[in-house]
There are 2 protein chains.
Amino acid sequence: MQPSDSLREQMIAQYDAMSAQLQQAARYVLEHPQDVALVSMREVARHAAVQPATMTRLAKFLGLPGYDELRAQYAAALRDGGDGFAAKVRKRVVEGSERGVSDIASHMLQGLSAQLAKLCEPDSLRRLEAAADRLKSARKVYVLGLRSSHAVAWHFHYVMTLLGERSVHLDGPGGTGGDALVRATSEDVLLVISIKPYATGALELAQLAKAQGVGIVSITDSEVSPLVALSEQAVFCPTESDSFFHTLTPALAVSEVLCSLLAEFDRPKTLEALQQADEHLLHLNTYATAIPRRR
Amino acid sequence: MQPSDSLREQMIAQYDAMSAQLQQAARYVLEHPQDVALVSMREVARHAAVQPATMTRLAKFLGLPGYDELRAQYAAALRDGGDGFAAKVRKRVVEGSERGVSDIASHMLQGLSAQLAKLCEPDSLRRLEAAADRLKSARKVYVLGLRSSHAVAWHFHYVMTLLGERSVHLDGPGGTGGDALVRATSEDVLLVISIKPYATGALELAQLAKAQGVGIVSITDSEVSPLVALSEQAVFCPTESDSFFHTLTPALAVSEVLCSLLAEFDRPKTLEALQQADEHLLHLNTYATAIPRRR
DNA sequence: AGATATTTGCAACAAATAAATCATTAAAAT
DNA sequence: ATTTTAATGATTTATTTGTTGCAAATATCT
C-alpha cells in the first residue's frame, strides 16, 4: 500500500526541511496515497488545498524528475498492494483470532466501528435530524454533561463556539455550573448528555430547566433513560463495550454529527464564523505546525 | 477489487452482443482491471491493441456517459479493495447511498465507522500496544490536551482515576495547567493529545517535559505531526470528516482503547478500584436511575 | 533595520487527453 | 447485385494535464 517505502520514509524524514506549502502537500500525500495514484495532480492539489505547482515542486524536492514519476511510484505500490502479497498478510492478521494484547484492542475497535454503523439506521437518523432541528430553532443552547459525559458536552460546546453559535456550557468551578440557567427561557434549549449511570446532578438540572419552560434535547443511551421523560427530542447511542467501562465514543460521534448538521444548515454563516475564529486564533499564536523554539 | 460487480457482470453478460473490437477491448478490461484505474485511456487502448475511440464506445455500450465514468468505477473499486480491512465497511458506504435529508448524518457516521475499522490495521495495533506498555510502566501519568483535544484528555484522565491509576490532568484555571509538571521526573510519563491544528501550548509543555526527562506518549494525527519528534511512542488517528471541522471521535476511541489495555493489564487491581469507586459514589448519591423527586 | 534568499501565488504554455465528427469498410438484407 | 446498416478507422476539437517563468510576499541573516 505504500510506495516502495523509500519514498514514504524519505518524505517523513525530510518533512521538517520542507517549506510550509510543501509540508501541506506532503502530508496530504502521506495520508491519501490512493489519491495520488488514482486522480490527477490538479485534483490532488485541490484536495490538499495547495497550488498545482506545489505538487510538482514536491516531486522535485524528493529528487524525482517530475510529478509523473511520483504518481507512477504510488500506482505501482497500489498495484501489488491491491490483491497481491500484502493483502493476504493483512487478511491473515484479521482472521487470525489468537489471544493477545492487540486482540483486545482490535476487538474493541471493531465493536465501536459496528456501533457507529448501527447509528445509520433510519430511526437514529430521524432522531438526529429532529434533534438538530430543535437545536437550530433555539435562541441559545445550554449544554450539560456531568462526569463521563463532560467530555462530550465540552466538545459540543467548543465546536459551537467556533461556529459562532450562542452556546453556554453549564460547568464551572465549585459546583456553580448550573447558575447560568437562571436566565434561560422557553426560547432556549438545553442539550443534556447523560448515559448510565446517570449523574443525579444532570437530571436535577434538566428537570429544573424543564420547569422553567426550557426545551430539552438529550443524548442518552436508552429509550428507558430517565432523560426521555424530560426531553422533547432524544438521540440514543450505544455505550456497551467489552471493556470494564462504558464507551463514550458513539456519544461523541452523535454530538459531532449534530454540530455538523447545525453548521450545514447555514453554510455562509458558518464559513464566516470559522474565518473569524481563524483570524482571532492566528493573532493569538494559538497554533503551531512545528515544535516551537524554546526561549 | 472488481468495479461495483454490476459492471463486471454486465460486461460478461453482454459480451456476446458486442462487436469484435468491443470484445477485444472488454476482454482486456476484464483481465486488467487495475490498468483501467491507473493509466490513461489511450494507453489501455494501446495495450489492448484497439483504437482509443473503441474504449469510449465500450463505455457507452455499457450505458455509461463516457469513459471517465468507467475509470471512476474501477478506481473506486481499487480504492476499497486496495486498502485492506476498512474495505468492507467502506463498501457499505457506497452501496447504502440513499439520498435524503439525513444523508449528511449517515455519510458522516459511516465515514467514522470506517475510520475506526482502519485503526485495526496491524501497524495501529502495534502502536497502541507499545503506547499502553509505556504508560503502564510509568509511576505517574500526566495527561495533556488543549482546545479540541481537551475532551479526550479529560476523558482519559477521568477513566484513569476510576481505575485507581495515578493520573494528573494538566489543566487548570488561569493557565496554571502546566504547573503540576514541576514535580514530574523521568519515572513519569506525559500523555499528550494534539491534532492539527496543533495548539502551541501543548507543544511547548511537551517539550519542557521532555527536557525534564519525562517520557512522552502521544495521540496525534500524522507521522509528520510535530509531536512525533518528542515522543517515545505515538499512536496515529485519522481526523478527517466531510464536515467543516476535524473529528475527535477516532482520537477518543484510541484513548478508550488505551484505558482498556491498561485496565486489562491487572484485572484484580482494576476490579478492586472500580468497586471502591462505586461505593464512594454511592455514598455521595452521585447517580440515579430515575428522575429525582424535586424538593 | 536593511539586504538577501527563499517561498509562494499567478498566469501562460505545450503536450496529452477524451469525446465528437466524418469517411471508409465490411456485413446483412432485400 | 444493390441497397442499407452497422462497425471501424482516421481526423478534429475543446478540455485538461503537468510544467515553467516571473513577480509579490515572506522569512532570514547580517
Side-chain angles (χ1 to χ4, degrees), chain A residues 3 7 11 14-29 32 35-76 278-279 282-283 285 287-295, chain B residues 3 7 11 14-29 32 35-75 200 224 226:
Chain A
L7 242 192
M11 278 177 87
Q14 299 193 303
Y15 187 82
D16 291 325
M18 296 180 192
S19 71
Q21 291 295 102
L22 246 46
Q23 285 187 344
Q24 196 171 330
R27 168 179 282 257
Y28 184 88
V29 170
H32 304 84
D35 276 26
V36 179
L38 294 173
V39 307
S40 75
M41 177 189 91
R42 287 183 120 91
E43 208 163 333
V44 172
R46 276 218 339 268
H47 287 130
V50 155
Q51 290 268 349
T54 306
M55 301 307 299
T56 298
R57 287 167 180 152
L58 174 64
K60 302 218 158 175
F61 179 88
L62 296 172
L64 304 174
Y67 180 83
D68 270 327
E69 181 59 29
L70 193 122
R71 195 223 314 272
Q73 299 238 13
Y74 273 87
D278 265 358
E279 279 177 26
L282 188 65
H283 282 102
N285 263 328
Y287 296 124
T289 51
I291 304 173
R293 190 156 328 154
R294 291 198 46 206
R295 282 152 292 186
Chain B
L7 243 191
M11 279 177 84
Q14 302 194 309
Y15 188 80
D16 292 327
M18 295 181 193
S19 72
Q21 293 292 301
L22 244 45
Q23 286 187 345
Q24 195 171 332
R27 167 174 285 262
Y28 183 87
V29 169
H32 304 85
D35 278 25
V36 180
L38 293 173
V39 309
S40 77
M41 179 189 88
R42 300 181 100 86
E43 209 162 333
V44 173
R46 276 222 327 277
H47 288 132
V50 156
Q51 289 266 349
T54 305
M55 302 308 298
T56 299
R57 286 169 180 148
L58 175 64
K60 301 216 161 176
F61 179 86
L62 296 172
L64 303 175
Y67 181 83
D68 264 329
E69 182 60 27
L70 189 105
R71 195 224 309 275
Q73 299 240 13
Y74 274 86
T200 313
V224 291

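Heavy-atom basis, side chains included; hydrogens, waters and symmetry copies ignored. Order of the sequence lines fixes the chain letters, A, B, ..., with proteins taken first and strands second; residue numbering starts at 1 for each chain.
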task = May I ask you to test the Gln73(A)-Leu64(A) pair for a side-chain heavy-atom distance under 4.5 Å?
result =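 Of all side-chain heavy-atom pairs linking Leu64(A) with Gln73(A), at least one is under 4.5 Å.
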key: 4.5 Å side-chain heavy-atom contact, Glu43(B) and Arg46(B)   =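 Answer yes - side chains close enough.
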[X] [atom1] to [N] [atom2], straight-line distance once rounded to whole Å:
| X | N | atom1 | atom2 | result |
| --- | --- | --- | --- | --- |
| Met41(B) | dT17(D) | CE | P | 15 Å |
| Phe61(B) | dA7(D) | CZ | P | 9 Å |
| Arg71(B) | dT17(C) | CZ | P | 10 Å |
| Asp68(B) | dA14(D) | CG | P | 19 Å |
| Arg42(A) | dT17(D) | CZ | P | 7 Å |
| Met55(B) | dA18(C) | CE | P | 10 Å |
| Gln23(A) | dT8(C) | CD | C1' | 14 Å |
| Leu70(B) | dT17(C) | CG | C1' | 16 Å |

When you compare the protein's N or O atoms with those of nucleotides 20-22 of chain C, which come within less than 3.5 Å of each other, and at what distance?
from    : atom 1 : to       : atom 2 : distance (Å)
dA20(C) : OP2    : Lys60(B) : NZ     : 2.6

Please produce a list of atom pairs where a protein N or O lies less than 3.5 Å from an N or O of nucleotides 3-5 of chain D.
none

Choosing from [options], which nucleotide comes nearest the side chain of [X]?
| X | options | answer |
| --- | --- | --- |
| Gln51(B) | dA10(D), dG18(D), dA18(C) | dA10(D) |
| Ser19(A) | dA18(C), dG18(D), dT8(C) | dT8(C) |
| Tyr67(A) | dA18(C), dC10(C), dT19(D) | dT19(D) |

query = Measuring from Leu58(B):CG to Gln14(B):CD, what's the distance to the nearest 0.5 Å?
reply =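 The CD atom of Gln14(B) is 10.0 Å from CG of Leu58(B), to the nearest 0.5 Å.
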query = When rounded to the nearest 0.5 angstrom, what is the spacing between CG in Leu7(A) and CD in Glu69(A)?
reply =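 That separation rounds to 8.5 Å.
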inquiry  = Among Asp35(A), Val36(A), Leu62(A), exactly one meets side chain to side chain contact (heavy atoms under 4.5 Å, CB included) together with Val29(A). Which residue is that?
reply    =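 It is Val36(A), the one option of Asp35(A), Val36(A), Leu62(A) that forms the side chain to side chain contact (heavy atoms under 4.5 Å, CB included) with Val29(A).
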ask   = Shortest non-hydrogen contact from Lys60(B) to Pro65(B)?
value =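 Residues Lys60(B) and Pro65(B), closest heavy atoms: CE-O, 3.4 Å.
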Would you find a donor on one side and an acceptor on the other, under 3.5 Å apart, between the side chain of [X] and the backbone of [Y]?
| X | Y | value |
| --- | --- | --- |
| Gln24(A) | Ala48(A) | yes |
| Gln23(A) | Tyr15(A) | yes |
| Gln21(B) | Val50(B) | no |

